[in-house]
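Because the structure is predicted, anything quoted here is derived from the model rather than measured. Chain letters run A, B, ... following the sequence lines, proteins first, then strands; residues in each count from 1.
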Amino acid sequence: MPRLDQINSVLRGAVGSFALIALVACSTGQEVSQSAQGLNDPYEAQNRKTHEFNKALDTNLLRPTSRAYAAVVPTPVRTSVSNFSKNLSMPQVVVNSLLQGNLENAGTATFRFVLNSTVGMLGLFDAASEFKVADVDSDFGETLAVWGVGEGAFLEIPVFGPAFQRDAVGKVVDLFTNPLTANLNEPETYISPTTSALRALHNRDRFSSTIDSLLYESADSYAQTRLIYQESRRFKITSKTTNTPATYEDPYEQ
Amino acid sequence: MNSNMLNRRTFVAASLAFAGMAAPAAALSENEARVLIDTVVTEINRVIASGQTEAQMIKSFETIFVQYADVPIMAQYVLGNDGRSATAAQKRDFTDAFQGYISRKYGKRFREFIGGQIEVQGAREIKAGYEITTTAYLKGEAPFEVIFLVSGKSGRDLFFNMFIEGVNVLLTERTEIGAMLDRRKGDMGLMIADLRQAG
């Protein structure tokens, strides 16, 4: 008889593939690769409501909790928890890099994982950065982009925040396909989500003045969030998909 | 010797212009663009390391900003289409308010850079002048890319935009100023007055 967790992992895989199929089905129906410029926000009204919800969530829960976490837990411990969480995500970076045919990134991520899991004591210390190993990151949204899937519309998702449609699907797939944590039993299965939640709290605190100014000091925090997400996401994707140098608007010619 | 060089340069420039080649207006060279950003970065690094108070840092940042950036063209871009209906006096007012706003908004963030460094990596020619790529090294963070765009089109070599990990600072501010105007039902005077307090 299959154990419950095995069923779970099968289910997760199934959900992942279902999301992927749904996405591919959707994207064949519409323009697949829209130009990576301009604004595509047909759900703006709904997105703005979600943005207000997320903002309230930040005001009432995320910001105060991150402050409490920072006040109670000393910085080195918080850093170690974040390092640990990030190290757990490395196998996934390896998988996504391989899916993208990016052997260099895959190699760096593998090296990081091995080094930090051993010398870095199970990932508590970022030894790789001390040895100047480049910082690598990747996700399934990027993989989809490399495969030619267009970014789709802009969405603001409850709790998770801004994402292009493509990257929202990527997030769902990533949630269920970490090779390191996909087949864990109870209580271990909670390690990764818990530490990534703590990492999120730590980051909320580390970047608090940036986030506060974005959410609470802007005349239109939704428009700012959307623009900044768009620009930085596209920057990341472009660095993985093309070698063409950027072109810039020339304000002297306007 | 010096005046000889100058004459030669003038002569070359004149003949180029004459030949209709009209080389990039002020003939900003890659090296000059690089030197400009090197200077900016050195000054910024000095302010970061100086241990000044927040108010002093904002002042220092404003000085650097005015000296090395093309504030009027930045303000004009940020005002965008809304700027077309503005009077000349409003445009001047806005440029002035914008300068203070940017200095406060970014100057008060300098504390986060304490212990950090910015290094110039490379230069590349673009339509308006040069793109200078730098890397920012902040304590406890992965290094990230900051790009400065430099042009000689104002008659002096000045930077006119920055991209922090792909985020276009001018475009961000254009969005913000547009939102401020919308909130005030397009009242330019009111927006400018409020901008003097913002940041």
J.: Look at B:Lys153 together with A:Asp250 and state whether they make a salt bridge at an N to O cut-off of under 4.0 Å.
T.: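 Salt bridge present between B:Lys153 and A:Asp250.
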J.: Side chain, backbone, both or neither: which part of A:Gln230 has a non-hydrogen atom closer than 4.5 Å to chain B?
T.: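 For A:Gln230, there is no contact with chain B at all, as no heavy atom is under 4.5 Å.
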J.: Are A:Asn87 and A:Asn83 close enough that some pair of their side-chain heavy atoms sits under 4.5 Å apart?
T.: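 They are not in side-chain contact.
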J.: Who among B:Val167, B:Asp194, B:Asp182 has the most heavy-atom pairs with chain A under 4.5 Å?
T.: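 When all of B:Val167, B:Asp194, B:Asp182 are compared, B:Val167 has the most.
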J.: I'd like to know which of B:Lys105, B:Gln76, B:Arg183 tops the heavy-atom pair count under 4.5 Å against chain A.
T.: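 Option with the top pair count is B:Arg183.
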J.: Sort B:Ile177 into side chain, backbone, both or neither according to what part of it lies under 4.5 angstrom from a heavy atom of chain A.
T.: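 Neither the backbone nor the side chain of B:Ile177 comes within 4.5 Å of chain A.
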J.: According to the interplanar angle, ranging from 0 to 90°, do the rings of B:Phe65 and B:Phe61 count as parallel (below 30°), tilted (30 to 60°) or perpendicular (above 60°)?
T.: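 B:Phe65 and B:Phe61: parallel rings.
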J.: Any carboxylate oxygen within less than 4.0 angstrom of a Lys/Arg side-chain nitrogen, looking at A:Lys86 and A:Asp135?
T.: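 Looking at A:Asp135 together with A:Lys86, the answer is yes, because their closest N to O distance falls below 4.0 Å.
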J.: Could you tell me which portion of B:Ile164 (side chain, backbone, both or neither) has an atom closer than 4.5 angstrom to a non-hydrogen atom of chain A?
T.: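 Neither; nothing under 4.5 Å.
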J.: If contact means a heavy atom pair closer than 4.5 Å, which residues of residues 111-119 of chain A contact chain B?
T.: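 The list, in residue order, is empty: none.
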J.: I'd like to know if the side chain of A:Tyr43 reaches the main chain of A:Glu156, judged simply by a donor and an acceptor atom lying under 3.5 Å from each other, with no hydrogens or angles considered.
T.: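 Checking the backbone N and O of A:Glu156 against the side chain of A:Tyr43, no donor-acceptor pair under 3.5 Å is found.
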J.: Non-hydrogen contacts under 4.5 angstrom with chain B: give the residues of residues 64-77 of chain A involved, or none if there are none.
T.: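 Within residues 64-77 of chain A, near chain B: nothing under 4.5 Å.
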J.: With a 4.0 Å cut-off, would you call B:Glu131 and B:Arg124 a salt bridge?
T.: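 Looking at B:Glu131 and B:Arg124, the cut-off is met.
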J.: Looking at A:Asp167 and A:Gly170, would you say the former's side chain and the latter's main chain have a donor-acceptor pair under 3.5 Å?
T.: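 Not at all, since once roles are kept as given, no pair shorter than 3.5 Å links the two residues.
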J.: Could you tell me which portion of A:Ser129 (side chain, backbone, both or neither) has an atom closer than 4.5 angstrom to a non-hydrogen atom of chain B?
T.: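 When you check distances to chain B, no heavy atom of A:Ser129 falls under 4.5 Å.
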J.: Tell me which pairs pass ring pair (Phe, Tyr, Trp, His ring centres under 6.0 Å) where either residue lies in residues 131-151 of chain B, with sequence neighbours left out.
T.: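 Sorted pair list: B:Phe148-B:Phe159.
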J.: Looking at A:Asp174 and A:Phe140, would you say the former's side chain and the latter's main chain have a donor-acceptor pair under 3.5 Å?
T.: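 The answer is yes, because a donor-acceptor pair under 3.5 Å joins these two groups.
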J.: Do NZ/NE/NH1/NH2 and the carboxylate oxygens of B:Asp70 and B:Arg156 come within less than 4.0 Å?
T.: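 Salt bridge: no.
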J.: Does the side chain of B:Thr87 come within less than 4.5 Å of B:Met188's, by heavy atoms?
T.: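 The answer is no, as the side chains (C-beta and beyond) never meet within the 4.5 Å cut-off.
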J.: Taking C-beta and beyond as the side chain, do A:Asn96 and A:Gln92 meet within less than 4.5 Å on heavy atoms?
T.: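 They are in side-chain contact.
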J.: In terms of heavy-atom proximity below 4.5 Å to chain A, should B:Glu145 be classed as side chain, backbone, both, or neither?
T.: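 Just the side chain, heavy atoms under 4.5 Å.
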J.: I'd like to verify something: which residue of B:Met180, B:Lys108, B:Glu176 has the highest number of heavy-atom pairs under 4.5 Å with chain A?
T.: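 Answer, by heavy-atom pair count under 4.5 Å with chain A: B:Glu176.
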J.: Chain B contacts: which residues in residues 220-228 of chain A have a non-hydrogen atom closer than 4.5 Å to it?
T.: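 Near chain B, by residue number: A:Asp220, A:Ala223, A:Gln224, A:Leu227, A:Ile228.
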J.: So, do A:Thr241 and A:Val146 sit near enough that their side-chain heavy atoms are less than 4.5 Å apart?
T.: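 Of all side-chain heavy-atom pairs linking A:Val146 with A:Thr241, at least one is under 4.5 Å.
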J.: So what's closer than 4.5 Å to chain A heavy atoms on B:Arg84: side chain, backbone, both or neither?
T.: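 Neither the backbone nor the side chain of B:Arg84 comes within 4.5 Å of chain A.
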J.: Apply side chain to side chain donor-acceptor pair (under 3.5 Å) to B:Asn168 and A:Tyr248, showing your working.
T.: CA-CA 10 Å; B:Asn168 181 337; A:Tyr248 299 106; over 6 Å; no
J.: So, do A:Phe235 and B:Phe163 have ring centers that fall under 6.0 Å from each other?
T.: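 Not under 6.0 Å, so no.
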J.: Would A:Glu52 and A:Arg48 pass as an ion pair if we require N to O under 4.0 Å?
T.: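 Looking at A:Arg48 together with A:Glu52, the answer is no, because their closest N to O distance does not fall below 4.0 Å.
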J.: Under 4.5 Å from any heavy atom of chain B, what part of A:Tyr252 do you find: side chain, backbone, both or neither?
T.: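 Both backbone and side chain.
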J.: Most heavy-atom pairs under 4.5 angstrom with chain A, which of B:Asn161, B:Ile147, B:Leu170, B:Leu149?
T.: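 Of the candidates given, the most pairs with chain A belong to B:Leu149.
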J.: Is a salt bridge present between B:Lys127 and A:Glu253, judged by a nitrogen-to-oxygen distance below 4.0 Å?
T.: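 Answer for the salt bridge query: yes.
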J.: NE2/A:His51 to CG/A:Asn47 distance, rounded to the nearest 0.5 angstrom?
T.: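 So the NE2 of A:His51 and the CG of A:Asn47 are separated by 10.5 Å.
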J.: Given that the side chain runs from C-beta out, which part of A:Arg206 has a heavy atom under 4.5 Å from chain B: side chain, backbone, both or neither?
T.: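 The side chain, not the backbone.
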J.: Under 4.5 Å from any heavy atom of chain B, what part of A:Thr210 do you find: side chain, backbone, both or neither?
T.: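 Both parts, backbone and side chain.
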J.: Counting only N and O atoms by type, is there a donor-acceptor contact under 3.5 Å from the side chain of A:Asn40 to the main-chain atoms of A:Phe154?
T.: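 Side chain of A:Asn40 to backbone of A:Phe154, a donor-acceptor pair under 3.5 Å: no, none is there.
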